[in-house]
Amino acid sequence: MEYNFKEIEKKWQAEWQRQQTYKVDVDSSREKFYVLDMFPYPSGAGLHVGHPLGYIASDIYSRYKRLCGFNVLHPMGYDAFGLPAEQYAIQTGQHPAVTTENNINRYRSQMDKIGFSYDWSREVRTCEPEYYKWTQWAFLEMFGHYYNNKLNRADKIENLIAHFEKQGTEGLDVACTEQMTFSAEEWNAMSEKEQQTVLHNYRLAFRADTMVNWCPKLGTVLVNDEVKDGLSVRGGFPVVQKQMKQWLLRVTAYAQRLLDGLDSLEWSDSLKEIQRNWIGRSTGAQMFFDVAGSDRKLEIFTTRPDTIFGVTFMVIAPEHEWVMDLTTEENKQAVEEYLEMTKKRSERERIAETKRVSGVFTGSYCVNPFTEEQIPIYVSDYVLAGYGTGAIMAVPAHDSRDYAFAKHFNIPIIPVVEGGDISVESYDAKAGKMINSGLLTGLDVKEAIPLMFDEVEKRGLGKKQVNYRLRDAIFSRQRYWGEPFPIYYKNDVAYPVSEDKLPIILPEIKNFGPTEQGEPPLARVEDWGTEEGYPFELSTMPGFAGSSAYYLRYMDPHNDTALVGKKENEYWRNVDLYVGGIEHATGHLIYSRFWNKFLYDLGCVCESEPFKKLVNQGMIQGRSNFVYRVVGTNKYVSLGLKDQYETQEIHVDVNIVKNDVLDLDAFRKWSPDYADAEFILEDGKYICGWAIEKMSKSMYNVVNPDYIVDNYGADTLRMYEMFLGPLEQSKPWDTNGIDGVHKFLRRFWYRFYDRQGNWNVSDEQPTAAELKTLHKTIKKVREDIENFSFNTSVSAFMICLNELGDCNKRAILEPLAVLLAPFVPHITEELWHQLGNESSICDAAYPECNPAYLVESSFEYPVSVNGKMRFK
RNA sequence: GCCCAGAUGGCGGAAUUGGUAGACGCGUUGGUCUCAAACACCAAUGGGGAUGACCCGUGCCGGUUCGACCCCGGCUCUGGGUACCA
């Protein structure tokens, strides 16, 4: 029998489906293991060879864990709401539901060909009402809760209302948008509408006026991740800053817990670092500066209270609410002009002018509480309204931004820490001896900072404070293709739809663009509202809404009374291994953790972190090929000779190039432009140039997995993707190397069959050398899988086969097949059955776990050489 | 600017974490088979050297050590994250 991968793979994929080999259920007699891939957004382009990399790695790990005896949950689904389908709909009128369905089918057929062990009975799609019912439900719960800092968890909003009724804001320690103070009497005297407005200051899902990235062309709000260099990531349209009423999630309430939780996770240090920076905790002092000639006290935040003797001016953000109050009559015009200018400046311009210093003097002064000196107050957009208090004390000698500002406006620069040369630049380091600083003079910076915290509190000037860079997540999008909000409006007040009315189903529409009035597409739906006629919210939820709790839904995907059943959640708990791209570090991976912690507070889930271990697979880059056209002709010169001509580099389809040698006929046929091409060859061949670039259509370097599966088989594809290099590293795809892996599988096959195709497995006893090779390989492969070092385990298999020579003994080949099964499930399943086994190789025991395969006496343990354990 | 990761043959990458650098695969060269080609198989393959015991080699400079791709100090370059966060 020949190694006919096409037949073998087709046969077993059908068989696995028929027997439901990969279906799993709660089984309290076995230990669980949950392996999850980041589910894909099904784009119209289909999968290229880079996409399945992480899926293959997690599939190998799942199959391995199953062989080791675990009950493995390994599901897959689709993140199906999103902008591309909507953009396509606006352009073509094709309903996003239709294109999404088509794309999903395409993805599914591509994935099926690779032989994954997913339990498809658990598939979820975020755009289906049965699924987004629970996205809406979670939102309602957030709407119905606030964050209680004393309990350090979310609490029912009813409890907050009760507190207001009894004692107003007295004794409250809760997360809020802004500090409010009112008494019980004041609260009780408020109208329903006023009370509801106040509550938005505390709810975990709330409405507020915020500066947002508004993209006029897309007609929607974008989060920072969706904007790059002032342009939208999708489409590349200009984005401007705009004040709008938006729904937000109070992620900041969980900042400290999100930070603390990182310590317990098995994530890479770099990923944890990205999240820490994103959360951006900093400890400093809140301080009040008296405004000269007024009873106002300007509140600022600083991490360097030790430099107070070097303060020579104050700066407030253009959006600071006191700007006009602090501006004197003679400076009024200049300040107003400045405010007008900053308002007009878009995000894009700000970035372009990032080094340009601008600002204006208000005419007012603060009093330095330590020196009693008067210091001028400026307005400048280098101070952000959204961080700290929107006002700073400026120390030009020790802050580079303050330094640039002081130089520009000729403000004095007083050094208070020894070490730098302030005639050249500021000295920002937190190290050195204090000078010119009254009571601090002579101390080290490290001593001065804590001393000042005490001093500030003692003198009643302010207190120690922790700030976070993390912002609340903007949660509404002015789009159609997303989850509708379970919110209706009555008398302009937002009310939750009752839970038993969920899901609020996204209505069908024909025109997907914004209305002429700039309203979201849902404004086109005539009866979009409650039965009583109250209008629903017109926005829909953003992409991260549906992806924040999908890992929980997989545990119990068809439950229609809860997001996840208690029994299911307590068995599967959380994700043991999560595999996906690093690009979600500050988006999905923050929001999911937040969402999970909220559900944890509600008692709906039993683990406070969703993803225990996380592995980021690297990106697979494209390897492009070039031909060199002699300028002004239709002649193409081979790489080695191109320096003799003036040439132009042109991308050529990698599929008509093999080992950098161009297929001349295929090139002539590739495009009419090249039909009459002439070539200047070297050694009778046309050698192409190459470069590593992003895999994309425009570079003609896209390789489709279907093509590889058709020509080499799924097993070869799986093994080769792993062989390319370390999983977490970015690396180029190069189809040329694939023969080596394919050859390995053929050689493995022909241990079982001879060249004439006759079954040729012997029952002879293996030699000691053969057993040593086998067990060395078992040990190595197992260690490599546990360390996600799949490339070296593939090498180990190849070495093993080389060492075994032409050994065809069952006692060696059978355990080797089990060892290989996670990597190449089809070929091993076939051989496993040829060996006479009835059940699937998926249910075999991993060699090391199976005593039958361990011949103790013949197994040579590693010996100590120079104090190291090694095999002889 | 700041933070993180990395740099090893013609190419992708190994090196049991301080102990024979270049495993494994690709490519290349030579050979066997064939009328021929493809497939397959065998051999060689870091550089230099009269192709022999020898010398030089892990981005660059220095250090620690009996011994350094690995540890320490200083640079250079590449990739990624972040950007007025006070």
Side-chain angles (χ1 to χ4, degrees), chain A residues 224 229 268-282 284-285 287 300-305 307 311 314-315 317 350-351 353-358 380-395 398-402 404-405 425 428 467-471 582-583 585-586 616 618-619 621 623 658-661 690 692 719-720 723-726 728-744 746-747 750 755 776 779-780 783-784 787 789 791-803 806 862 865-871:
Chain A
N224 287 333
D229 300 330
S268 70
D269 289 339
S270 62
L271 180 54
K272 285 190 196 179
E273 205 51 35
I274 291 173
Q275 289 217 339
R276 285 197 189 99
N277 291 341
W278 190 257
I279 295 165
R281 181 191 155 108
S282 69
M287 279 174 77
I300 61 109
F301 175 77
T302 180
T303 54
R304 295 295 303 273
T307 60
V311 175
M314 309 290 286
V315 187
R350 273 205 189 183
I351 285 158
E353 299 170 11
T354 183
K355 288 286 163 238
R356 218 194 69 185
V357 178
S358 75
S380 174
D381 66 357
Y382 85 88
V383 171
L384 303 176
Y387 184 76
T389 61
I392 61 155
M393 63 178 216
V395 187
H398 304 291
D399 183 288
S400 56
R401 296 151 304 176
D402 298 345
F405 194 85
E425 59 179 358
D428 294 17
N467 263 337
Y468 298 92
R469 210 194 69 133
L470 187 72
R471 300 296 162 81
I582 187 103
E583 66 272 18
T586 56
N616 291 119
M619 218 188 13
Q621 297 145 313
R623 189 181 187 278
K658 187 157 193 209
N659 287 321
D660 292 336
V661 177
W690 60 273
I692 304 303
M719 205 166 193
Y720 185 56
F723 186 63
L724 276 177
E728 306 199 45
Q729 190 175 301
S730 284
K731 53 216 173 255
W733 176 268
D734 184 357
T735 305
N736 291 322
I738 204 166
D739 286 335
V741 166
H742 190 64
K743 252 188 263 180
F744 165 80
R746 286 174 52 92
R747 280 167 57 209
Y750 289 114
R755 292 287 156 188
K776 187 175 77 176
K779 183 173 187 291
K780 170 77 175 148
E783 278 172 8
D784 284 347
N787 293 323
S789 178
N791 56 324
T792 51
S793 47
V794 175
S795 294
F797 285 126
M798 293 176 174
I799 294 167
C800 176
L801 219 52
N802 287 345
E803 282 184 13
D806 46 17
V865 178
N866 295 320
K868 302 264 167 184
M869 298 301 276
R870 46 167 47 201
F871 289 104

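What you are looking at is a predicted structure, and each value in this text was computed from that prediction instead of being measured. All chains are named by letter (A, B, ...) in the order of the sequence lines, taking the proteins before the strands, and each is independently numbered beginning at 1.
When rounded to the nearest whole Å, the span between NZ of A:Lys743 and P of B:A38 equals 13 Å. Residue A:Phe301 contributes atom CZ, which lies 16 Å from atom C1' of B:C84 at whole-angstrom precision. B:C2 atom C1' lies 16 Å from atom CH2 of A:Trp278, rounded to whole Å. Distance A:Asp784 CG to B:U16 P: 12 Å, rounded to the nearest Å. Across the protein-nucleic acid pair, A:Gln275 atom CD and B:U82 atom P stand 12 Å apart, rounded to whole Å.
The residue A:Val383 sits close to a base: some heavy atom pair falls under 4.0 Å. Within 4.0 Å of A:Asn791, counting heavy atoms only, lie sugar-phosphate atoms of the nucleic acid but no base atom.
Using a 4.0 Å cut-off between charged side-chain N and carboxylate O, A:Glu273 and A:Arg276 make a salt bridge. Comment: A:Asp660 engages A:Arg623 in a salt bridge, judged by a side-chain N to carboxylate O separation of less than 4.0 angstrom.
Taking the P atom of each, B:C41 and B:U51 are spaced 32 Å apart, rounded to whole Å. The gap from the C1' atom of B:C24 to that of B:U78 amounts to 26 Å, rounded to the nearest Å. As rounded to the nearest Å, B:U64 and B:G73 have C1' atoms that lie 11 Å from one another. The separation of B:C69 from B:C61, taken at their P atoms, amounts to 14 Å, rounded to a whole angstrom. Nucleotides B:C77 and B:A68 place their P atoms 28 Å apart, quoted to the nearest Å. Across B:G13 and B:G63, the matching C1' atoms stand 30 Å from one another, rounded to whole Å. When the C1' atom is compared between B:C72 and B:A21, the two are found 22 Å apart, to the nearest whole Å. Going from the P atom of B:G59 to that of B:C11 covers 14 Å, rounded to whole Å.
With distances taken from any side-chain atom of A:Asn802 to the nucleotides B:G25, B:A86, B:A23, the minimum falls on B:G25. For A:Arg469, the listed nucleotide lying nearest its side chain is B:A83; candidates were B:A23, B:C3, B:A83.
Classification of B:U51 as anti follows from a glycosidic angle more than 90° from 0. Look at B:G9: its glycosidic torsion is within 90° of 0, and that puts it in the syn range.
Between A:Asp399 and A:Ile392 there is no side-chain heavy-atom pair separated by less than 4.5 Å. For the pair A:Met314/A:Val311, a side-chain contact is recorded, criterion being any heavy-atom separation below 4.5 Å from C-beta on. Under the 4.5 Å side-chain criterion, counting only non-hydrogen atoms from C-beta, A:Ser358 is not in contact with A:Tyr382. No side-chain heavy atom of A:His742 sits under 4.5 Å from any side-chain heavy atom of A:Tyr720.
One finds no side-chain N or O of A:Thr792 lying less than 4.0 angstrom from the OP1 or OP2 phosphate oxygen of B:C24.
Pairing for B:G6 goes to B:C77, judged as Watson-Crick or G-U wobble with the two contacts each under 3.5 Å. Judged by Watson-Crick or G-U wobble contacts below 3.5 Å, the nucleotide B:G22 has no partner.
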